[in-house]
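Everything numeric in this text was worked out from a predicted model, so none of it was measured. Naming convention: chains lettered A, B, ... in sequence-line order (proteins, then strands); numbering from 1 in each chain. Values below: all heavy atoms of this structure, side chains included; hydrogens, waters and symmetry mates excluded.
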Protein chains: 2
Amino acid sequence: MQNLSKNQQIIFDLIDKSNEPMKAYAILFNVQKKGIKAPLQVYRALDKLVEIGKIHKIESRNAFIACQNSSCQVSKATAFSICESCEKVTEINNSSLSKYLSNFKDRAGMKYSKYNLEFFGLCKKCITK
Amino acid sequence: MQNLSKNQQIIFDLIDKSNEPMKAYAILFNVQKKGIKAPLQVYRALDKLVEIGKIHKIESRNAFIACQNSSCQVSKATAFSICESCEKVTEINNSSLSKYLSNFKDRAGMKYSKYNLEFFGLCKKCITK
DNA sequence: ATTTAAATTGTTATAATATAACACTCTGTA
DNA sequence: TACAGAGTGTTATATTATAACAATTTAAAT
């Protein structure tokens, strides 16, 4: 795989270091000291990083996390668990689930090339609170 | 179940008549002649309608569709197919899928109360184009 | 080395999506 | 009939995302 460009690398490093999903304008604020000044610079890098599978967008949160699955090249089969109390997000890496969903066919005869699944609930820590 | 309020009914009727997902500001434009003038009036009705399961939000599109599943009271287990060419969205009502996902447990020990799944691809019509 | 096309960057402005805050009104019920 | 909860109306503003255009860098093929 080709290397990331300067902006892409800066933004990927930031997201990768974070242990929680980051929103675009939080990213912007953090990288302003590195010379990235405008939203569009952030969104362009995010678009590319999503496209090549280095990060994923958590659609229900409008936020981005680094891919936890080291072998992931393309974001075409993603699943996440989201704690509705502490907002912790974890990428689910479960071969039974991914097999089931990748092979799923509905009666409409649609050809699926991609899916995104988000589970919501309470994480272990938050259940006991 | 209790009846919808005036604004909720107006907005639900509009979405229900539409055969495609509607965006909040498209809804606003359509209901202005009925006296609903401000975005917040729309968003409040949408929030309530989502909460009681009459409509669903398509997260990847920031758009709303009426629930196709007449028995659905609460939006806690939703799945959709989305055509990336014509943007047609269909609610998937498949008991095998919903059973599989409702029973899914990951190793993080999280207790899930809800999920949302979006499949992307090409619908029958668009495949042949 | 030089050309060339594609990707990336920088910049300003603006579009699209969504919520805060506050006051008032309606509705069901105890 | 008063009271609590849900709903409404309104203005302002916050948040998320893209349009348009010009310049620069990069990678690959001559």
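- Here B:Lys23 does not reach the OP1 or OP2 of D:dA17: none of its side-chain N or O atoms lies under 4.0 Å away.
- In this structure, CD1 of B:Ile36 is placed 14 Å from P of D:dG7, rounded to the nearest angstrom.
- Listed nucleotides C:dT17, D:dA19, D:dT10 differ in distance to B:Ala38; the shortest reach to its side chain belongs to D:dT10.
- Proximity of B:Asn3 to the phosphate of C:dT27: no side-chain N or O atom is located under 4.0 Å from OP1 or OP2.
- The nucleotide whose nearest atom lies closest to any side-chain atom of B:Tyr43 is, among D:dA17, C:dT12, C:dT19, C:dT19.
- Between B:Ile82 and A:Met110, the shortest heavy-atom contact is O-CE, 3.0 Å.
- Between B:Glu59 atom CD and C:dA18 atom C1' there is a gap of 13 Å when expressed in whole angstrom units.
- Residue A:Gln41 places no side-chain N or O under 4.0 Å from the OP1 or OP2 atom of C:dT9.
- Between the base of D:dA14 and the side chain of A:Tyr25 there is no donor-acceptor pair shorter than 3.5 Å.
- Aromatic ring pairs are classed by plane angle as parallel below 30°, tilted from 30° to 60° and perpendicular above 60°; the pair B:Phe119 and A:Tyr112 is parallel.
- Residue order along DNA chain D, read from the 5' end via each residue's closest nucleotide, puts B:Arg44 first among B:Arg44 and A:Arg61.
- Following rounding to the nearest Å, B:Phe29 (CZ) and C:dA16 (C1') show an atom-to-atom distance of 16 Å.
- At least one donor-acceptor pair closer than 3.5 Å links the side chain of B:Thr128 to the backbone N or O of B:Lys125.
- Atom-to-atom, CD1 of A:Ile10 to P of C:dT8 comes out at 14 Å; the value is rounded to the nearest Å.
- In this structure, the nucleotide among C:dT8, D:dG7, D:dG9 sitting nearest to the side chain of B:Lys6 is D:dG9.
- Atom pair A:Leu28:CG and D:dA17:P shows a separation of 13 Å (rounding to whole Å applied).
- If you check D:dG7, D:dA20, D:dA17 against the side chain of B:Lys48, the one that comes closest is D:dG7.
- Going from atom CE of B:Met22 over to atom P of C:dT17 covers 12 Å, rounded to whole Å.
- In this structure, A:Ile11 atom CD1 and C:dT9 atom C1' are separated by 12 Å, rounded to whole Å.
- The shortest distance between side-chain heavy atoms of A:Val42 and A:Asn7 does not fall below 4.5 Å.
- Computed from coordinates, the B:Gln8 CD to C:dT27 P distance equals 13 Å when rounded to whole Å.
- Classification of A:Glu118 and A:Arg61 as a salt-bridged pair fails, no side-chain N sitting under 4.0 Å from a carboxylate O.
- In the set D:dA20, C:dT19, C:dG10, the nucleotide with an atom closest to the side chain of B:Leu40 is C:dT19.
- Between B:Ser5 and the phosphate of D:dA6, there is no side-chain N or O to OP1/OP2 separation shorter than 4.0 Å.
- Residue B:Asn62 places its side chain closer to C:dT17 than to any other of C:dT9, D:dA17, C:dT17.
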